[in-house]
Structures are given as structure tokens and as C-alpha cells.
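Presented below is the structure to which this report refers.
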Amino acid sequence: MTSVIKYMSLLTTFSVFAALISIVWQAFLSLKQLNKVTTILTGLLALESSFKKPPQPYKVAVGYGACTDLLVHATEFLNYSEKVINAIGPEFTVNEVDNMNELLQTFAYYFQNGAAAERIMPNKKLFRELIQTAKLRHRDSIQWFLGGNAPLMSTRFHIEGADVLLGARMSHKLRRLVPAEIKIAGDQIAEDDIHLILEYKAGDTWGPIKTPRANRYILHSDRNNPHMNSVEHFDKVLHSFRPRLLVISGLQMMDSYKFEPYVRERRLEKIQQQINSQAFATLIHFEMASYVEIKLLFLLRQYVMPYVDSIGMNEQELENLRQTLTYGRTTLATDWNPRVASTLDQMRSVFKNLAESYYKNATKLPRRRLLSRIHVHTLAYQALLTVRDSKWKRTKLAAAKAALTAHRHVCQTDMINPEAASLILDESFATSAEDKLNGSRIKLNPQQPVPCWNETIAVFDQKAVPIEICVSPVLVCRIAKKTAGAGDNISAAALSQQL
Ligand SMILES: *[C@@H]1O[C@H](CO)[C@@H](O)[C@H](O)[C@H]1NC(C)=O
Ligand SMILES: *[C@@H]1O[C@H](CO)[C@@H](O)[C@H](O)[C@H]1NC(C)=O
Ligand SMILES: *[C@@H]1O[C@H](CO)[C@@H](O)[C@H](O)[C@H]1NC(C)=O
Ligand SMILES: *[C@@H]1O[C@H](CO)[C@@H](O)[C@H](O)[C@H]1NC(C)=O
Ligand SMILES: *[C@@H]1O[C@H](CO)[C@@H](O)[C@H](O)[C@H]1NC(C)=O
């Protein structure tokens with residue numbers, strides 16, 4: 001008997017001891033991780049502070065459109081319905097969102113993948129009802145913000161010291177949310193379009209579904225924005241403004257909208273003319289967004305992409321663009337945390353495709369530009385590809401700035417606390433998954449957190465275009481406050497460092 005008790009107490013002592021070791025070990029590991037995050041943060045901040053503001057502020061013009069963002073918490077707002085979700089059949093597509101069931105089903109799809117989505121709801125009555133529900137039932141938790149890619153990017157350029165011209169029509173109420181120094185080309189309208197932003201945090205659950213990351217689902221039913229009416233207003237002022245950089249954004253508002261035949265083509269033609277009436281010294285950036293309609297993507301390929309110097313997008317938009325360019329089709333949600341190697345391969349593929357069509361058609365279309373910059377922002381890292389000795393400077397600094405902005409935006413803070421950040425990027429990454437021969441492995445050095453290297457991309461297997469690639473780890477915000485508008489903030493922050 002006594003020996004059993006002795007044995008038991010020995011066992012207890014032992015398990016207490018084991019638990020203690022485990023706690024100490026865990027503490028040691030998290031301290032090590034915290035140390036690493038702090039070192040990376042220090043490195044990124046050092047790069048950021050190496051930026052010297054130009055003596056004369058750069059002029060940046062940003063089109064098109066504006067809206068009011070109404071932010072609600074997705075899983076509290078949408079009532080989960082087992083019946084509706086279980087009715088999702090094998091031929092389920094996520095194109096149309098015109099009734100409550102379609103909204104719940106598409107939301108479930110993207111939420112489960114943690115993928116950002118933006119959808120039009122042609123049913124204006126239902127959309128108004130949803131806005132009313134948000135206003136009445138969620139009065140205490142909803143938030144109103146200035147929205148639209150162009151105003152958000154403009155605000156970021158302004159914060160970075162640029163002289164900004166924004167092409168948008170907006171109400172007096174919304175105008176007050178745009179910094180007063182930003183010039184606006186566009187008349188005043190009575191009512192702004194509203195975008196309903198359904199935000200969620202990593203690990204949120206909706207019925208039995210759990211999301212892997214923080215993101216949002218955007219729903220809109222715009223009257224003004226799809227018609228791009230600000231293009232003409234913008235035109236008048238743009239000519240005398242003579243920007244260093246012209247940003248084209250907000251074109252996804254034309255997605256899935258029921259236009260009269262050829263109206264959309266004519267609007268895009270107008271935008272193409274606007275781009276092509278710029279001096280060659282003006283850099284042109286196109287900010288991609290979430291597109292569903294393949295036809296619109298083809299139109300963008302025809303009217304916009306051949307004439308820009310730079311494009312910016314997230315991992316899903318990259319995959320979508322690559323599929324459109326190479327296979328003439330699109331994908332739905334993709335991996336929420338793609339490997340660096342596959343992102344870089346897709347960037348090379350997009351670059352090669354656009355560069356080949358540039359060299360093929362350059363003589364026929366004299367206003368064409370060779371794409372010289374691709375910026376892809378993902379949750380875990382920022383990847384930038386620039387053509388060497390092009391007009392884009394300081395690629396490394398831009399990658400660091402993008403990474404810092406990502407954390408600051410999502411955590412809604414200017415001071416980054418290492419304890420509020422986590423590192424998702426692996427200790428090392430391959431530079432290519434497809435090209436094992438020429439690819440290499442890069443080990444992330446916390447002291448020098450932004451690796452950059454040179455490559456050449458073979459175009460038509462004869463012409464070699466020299467490029468530089470930089471990848472910066474993102475210190476991911478642990479408790480997301482806001483994901484909507486992050487891409488705009490990040491893209492503009494990076495561009496502002498490269499002029
Ligand atoms: C959720 O359910 C409540 C109670 O039935 C209802 O009042 C509300 O409108 C519903 N919300 C949505 C977004 O349909
Ligand atoms: C340019 O070249 C590509 C092939 O690289 C071709 O598919 C395309 O139709 C050509 N024309 C234009 C306007 O891009
Ligand atoms: C952009 O990021 C900054 C932090 O750098 C943040 O303060 C600001 O609120 C963000 N802009 C928007 C529109 O959320
Ligand atoms: C590696 O690079 C060389 C020269 O740039 C190129 O000719 C070759 O095709 C590349 N290898 C692969 C597997 O793509
Ligand atoms: C990349 O090439 C440029 C010349 O175009 C050179 O100045 C730079 O040092 C190279 N960078 C690396 C990392 O080798």
C-alpha cells in the first residue's frame with residue numbers, strides 16, 4: 001500500500017516537473033519569436049526612415065470614384081441558415097448575388113476560404129433593406145468610413161507628402177472626410193453610393209464554418225460609380241496638373257453591371273484616351289481589384305493593361321489575372337497563404353505575357369508601355385518586381401514600407417507593438433517552384449529583413465529583360481481591426497517611395 005502511495009506521489013512530482021519544463025520551454029520559444037519579430041521590425045523601420053522626401057512634393061493624380069463604406073461585423077450581421085448552406089449544389093457558381101440565399105451561399109464560400117470578395121447586388125430593394133437592417137439592428141457596432149479605392153489611395157499619397165488630385169464625384173458630407181489639401185476634380189452629388197463591408201476576424205465562426213484569416217466581403221449596388229462619370233471631370237484638370245504618377249483604380253465597379261450594348265467599351269475607350277494623353281514622363285499605375293466577369297477582364301487587357309507601367313494586386317487577383325492571360329478563364333478563391341515561390345512564378349508569368357504582347361505590337365500601337373513594375377500584397381509578405389534601370393526607384397524600401405503599412409492599417413495604429421504581431425512567412429523560401437534549375441533558396445535574415453536579387457526574364461526566348469525582385473515579410477496584425485481598404489493603403493504607400 002505505502003509503496004503505491006509513494007509511487008503515486010513520485011508520479012505527481014514528476015508531472016508537475018514536466019509541466020514546469022513545458023511552460024519554461026514555451027516561454028523560451030515565444031521569447032525567441034518575440035525577439036525575432038522585434039529585430040525584423042527594427043530593420044523595416046530603419047529602411048523606412050532612410051527615405052528622403054523630395055524637395056518638391058510629387059504630383060499624383062488618382063481616378064476614379066468614391067463611396068461611403070458601412071462596416072458591419074459579418075457573422076453577427078448575417079443569420080446563418082443550415083438549410084440554405086446545405087442547398088449548395090455541385091454546380092454552384094458565385095457570380096450572381098441577387099437574393100438572400102445567394103448572398104448567404106457566396107458569403108459562406110469566401111468566408112470558409114478567408115478570401116476577400118466584392119460583389120454587386122442588382123436587387124436595389126434588397127440592398128436598401130440590408131442597409132436598413134445594419135442601421136437599426138446593429139446601430140451600436142456599425143462604422144461609417146470614406147470608401148472607394150481612389151479616395152483611400154489619395155489619402156495615403158497625401159500623408160506621404162504628395163500633391164494630390166482626386167477624380168471623383170461626391171456629396172458634401174463625404175468631401176469633409178477627404179483631407180482638405182487634396183484637390184478634387186468632380187462635381188458635388190446629392191447622395192453617395194454605399195458599400196456594405198462585412199468584416200470578420202481570423203477564427204470567427206459562422207454556423208459550423210470557421211475562417212482561417214481576417215478578411216471581408218463587400219456588397220454594393222452603385223448608381224454612380226459603374227458609369228465612371230468622373231472621367232470627364234478629371235480630364236479637364238488633369239491636363240494642366242501634369243502629374244508624375246497617374247493611378248487608375250475603381251474599374252471593378254463596372255463588373256457584372258448591366259450596361260446597354262457597347263456603353264462599357266466606350267467608357268473604357270475614354271479611359272484609354274485619358275491614359276494615352278499623358279506625357280511619357282508620367283508613370284501610370286493600375287490598381288487591380290476583385291473581378292468576377294471574364295469579359296471585363298478581357299476588356300481591361302485590351303484597353304488598359306497595354307498602356308500602364310505598373311500594376312498592384314493581392315494574391316487572388318494575381319492568380320485571376322494570370323489565368324485570364326494564359327488560359328482565358330478565371331478562378332474563384334485561391335490559397336489564402338500562397339508560397340512565395342508560386343507567387344513569384346505567377347508574377348514572372350504575368351510579366352512575360354504582357355512584355356511579349358508589348359514587343360509584338362509596339363510598332364502598331366505607339367502609345368504602348370512596357371510593364372515595369374508588379375506589386376503583390378499578401379497576408380504574410382509583400383513582393384515587388386521592377387525592371388532594372390526603369391523609372392521606379394528604391395524597390396527594397398517600397399517593399400518594407402508596404403509591409404509596415406499592412407500592419408498599421410489592419411491594427412489601426414501607427415506605433416507597431418511587436419507583441420501584437422506574428423510572423424507567418426517561413427524561415428526560408430524558394431525563389432521559384434517551376435524553375436528548380438535557376439531558382440534558389442533564400443534564408444530570411446531578421447537583421448536584413450528585405451531580401452532583393454536580380455534576375456532576367458526571357459521574352460520570346462531571345463530577349464532577356466533584367467529585373468529586380470524584393471520580398472518583405474509582413475508582421476501580421478494578430479487582432480485585426482480593419483481589412484477593408486488595406487490594399488489601397490499598402491499600394492499607395494509603396495508607390496509613394498518609388499517616384
Ligand atoms: C436576422 O434575423 C433577424 C431576426 O429574425 C432579422 O430581423 C434580421 O433582419 C436578419 N438579418 C439579416 C441580415 O437578414
Ligand atoms: C498583341 O500581341 C498579342 C500576342 O502576344 C496578341 O494576342 C494581341 O492580340 C495583340 N494585340 C493587342 C492589341 O494587344
Ligand atoms: C491607412 O493606414 C494608416 C496607418 O498607416 C491608418 O492610420 C489609416 O487609418 C489607414 N487608412 C484607412 C482608410 O483605413
Ligand atoms: C534557366 O535560365 C536560363 C538562362 O536565363 C534559361 O535559358 C533556361 O531556360 C532556364 N531554365 C529553366 C528550367 O527555365
Ligand atoms: C542588380 O543589378 C544592378 C545593376 O542593374 C546592380 O547595381 C545591383 O547591385 C544588382 N543587385 C544585386 C543584389 O546583385
Side-chain angles (χ1 to χ4, degrees), residues 64-65 88-98 102-103 105-107 109-110 113 115-123 149 217-222 225-228 248-272 275 286-308 311-336 338 342-343 345-358 360-361 365 371 374 376 487:
Y64 305 98
I88 297 180
E91 68 277 34
F92 167 71
T93 59
V94 290
N95 287 358
E96 280 284 306
V97 183
D98 217 21
E102 283 166 355
L103 171 57
Q105 291 176 344
T106 52
F107 174 76
Y109 179 80
Y110 289 109
N113 289 294
E118 193 163 334
R119 284 291 172 277
I120 186 169
M121 176 172 268
N123 184 341
N149 306 90
Y217 179 107
I218 305 179
L219 200 62
H220 50 80
S221 192
D222 286 5
N225 287 321
H227 300 282
M228 300 284 143
I248 307 294
S249 72
L251 303 189
Q252 76 277 15
M253 302 317 302
M254 301 174 123
D255 196 289
S256 309
Y257 191 86
K258 305 273 186 297
F259 286 96
E260 296 290 315
Y262 299 107
V263 169
R264 185 160 64 178
E265 282 81 349
R266 282 203 294 274
R267 294 313 290 154
L268 285 167
E269 232 164 62
K270 183 72 207 162
I271 290 167
Q272 183 195 315
I275 295 172
F286 174 50
E287 187 66 17
M288 284 279 295
S290 169
Y291 289 90
V292 190
E293 213 192 326
I294 183 83
K295 194 163 156 234
L296 180 57
L297 279 164
F298 280 134
L299 291 175
L300 293 175
R301 163 120 173 79
Q302 182 187 349
Y303 288 107
V304 178
M305 278 171 208
Y307 307 99
V308 303
I311 44 180
M313 64 209 128
N314 68 23
E315 71 285 350
Q316 271 188 73
E317 293 151 17
L318 172 66
E319 170 70 7
N320 223 345
L321 178 61
R322 188 187 66 98
Q323 298 247 0
T324 306
L325 294 178
T326 26
Y327 308 115
R329 60 174 157 79
T330 59
T331 49
L332 296 173
T334 49
D335 188 356
W336 63 276
S342 66
T343 297
D345 283 337
Q346 290 182 6
M347 289 166 78
R348 292 183 189 100
S349 158
V350 165
F351 179 83
K352 188 174 155 80
N353 191 298
L354 292 172
E356 285 186 350
S357 90
Y358 167 82
K360 212 181 228 167
N361 305 325
L365 300 164
L371 187 74
I374 301 179
V376 175

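Residue numbers start at 1 and run along the sequence shown.
Distance check: I294 CD1 to R329 CZ gives 9.5 Å after rounding to the nearest 0.5 Å. Between atom CD of residue E315 and atom CG of residue D335 there is a gap of 8.0 Å, rounded to the nearest 0.5 Å. One distance of note links CD of Q346 with CG of N320; it measures 10.0 Å at 0.5 Å rounding. Note that the CG atom of L268 and the CG atom of L300 stand 6.0 Å from one another [nearest 0.5 Å]. Going from atom CG of L318 over to atom CD of Q323 covers 10.0 Å, rounded to the nearest 0.5 Å. We find the CD-CE distance between E265 and M254 to be 9.0 Å, quoted to the nearest 0.5 Å.
Side-chain contact between L103 and Y217 is present, with heavy atoms from C-beta onward closer than 4.5 Å. For the pair T324/R301, no side-chain contact is recorded, criterion being any heavy-atom separation below 4.5 Å from C-beta on. Put simply, the side chain of V292 does not reach to within 4.5 Å of the side chain of E118, judged on heavy atoms. No side-chain heavy atom of Y358 sits under 4.5 Å from any side-chain heavy atom of L371. Taking the side chain as every heavy atom from C-beta outward, F107 and V97 never approach each other to under 4.5 Å. Residues E287 and I248 form no side-chain contact, since every pair of their non-hydrogen atoms from C-beta on lies 4.5 Å or further apart.
With hydrogens and angles disregarded, a donor-acceptor distance shorter than 3.5 Å links the side chain of N361 to the backbone of S357. At distances below 3.5 Å, not a single donor-acceptor pair connects side-chain atoms of D255 with backbone N or O atoms of Y291. Side-chain atoms of N225 do not come within 3.5 Å of backbone N or O of G65 as any donor-acceptor pair. With hydrogens and angles ignored, the 3.5 Å screen pairs no side-chain donor or acceptor of Y303 with any backbone N or O of E269.
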(request) Start with the C-alpha distance between M228 and K270, add both sets of side-chain angles, then the distance that settles side chain to side chain contact (heavy atoms under 4.5 Å, CB included), and finish with yes or no. (result) CA-CA 10 Å; M228 300 284 143; K270 183 72 207 162; over 6 Å; no
(request) Determine, stepwise, if the pair R322 / E319 fulfils salt bridge (Lys or Arg N to Asp or Glu O under 4.0 Å). (result) CA-CA 5 Å; R322 188 187 66 98; E319 170 70 7; 3.8 Å; yes
(request) Step by step, work out the side chain to side chain contact (heavy atoms under 4.5 Å, CB included) result for L299 and Q302. (result) CA-CA 5 Å; L299 291 175; Q302 182 187 349; 4.2 Å; yes
(request) Would you please test M288 and L321 for side chain to side chain contact (heavy atoms under 4.5 Å, CB included) and show each step? (result) CA-CA 9 Å; M288 284 279 295; L321 178 61; 4.2 Å; yes
(request) Just do the side chain to side chain contact (heavy atoms under 4.5 Å, CB included) check on Y64 and I271 with the steps written out, would you? (result) CA-CA 10 Å; Y64 305 98; I271 290 167; 3.7 Å; yes
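Judged by distance alone, the side chains of Y110 and R119 do bring a donor and an acceptor atom under 3.5 Å apart. In the model, E317 has a side-chain atom that pairs as donor or acceptor with a side-chain atom of N314 under 3.5 Å.
Minimum interatomic distance between P226 and F259 (heavy atoms only, all atoms of both residues): O-CZ, 3.3 Å. Nearest heavy-atom pair across Y307 and I275 is O-CG2, 3.6 Å. Counting all heavy atoms, side chain and backbone alike, V350 lies closest to I311 at CG1-CD1, 4.2 Å.
Of the candidates M121, Q252, M253, M253 is the only one forming a side-chain contact (heavy atoms from CB on, under 4.5 Å) with H220.
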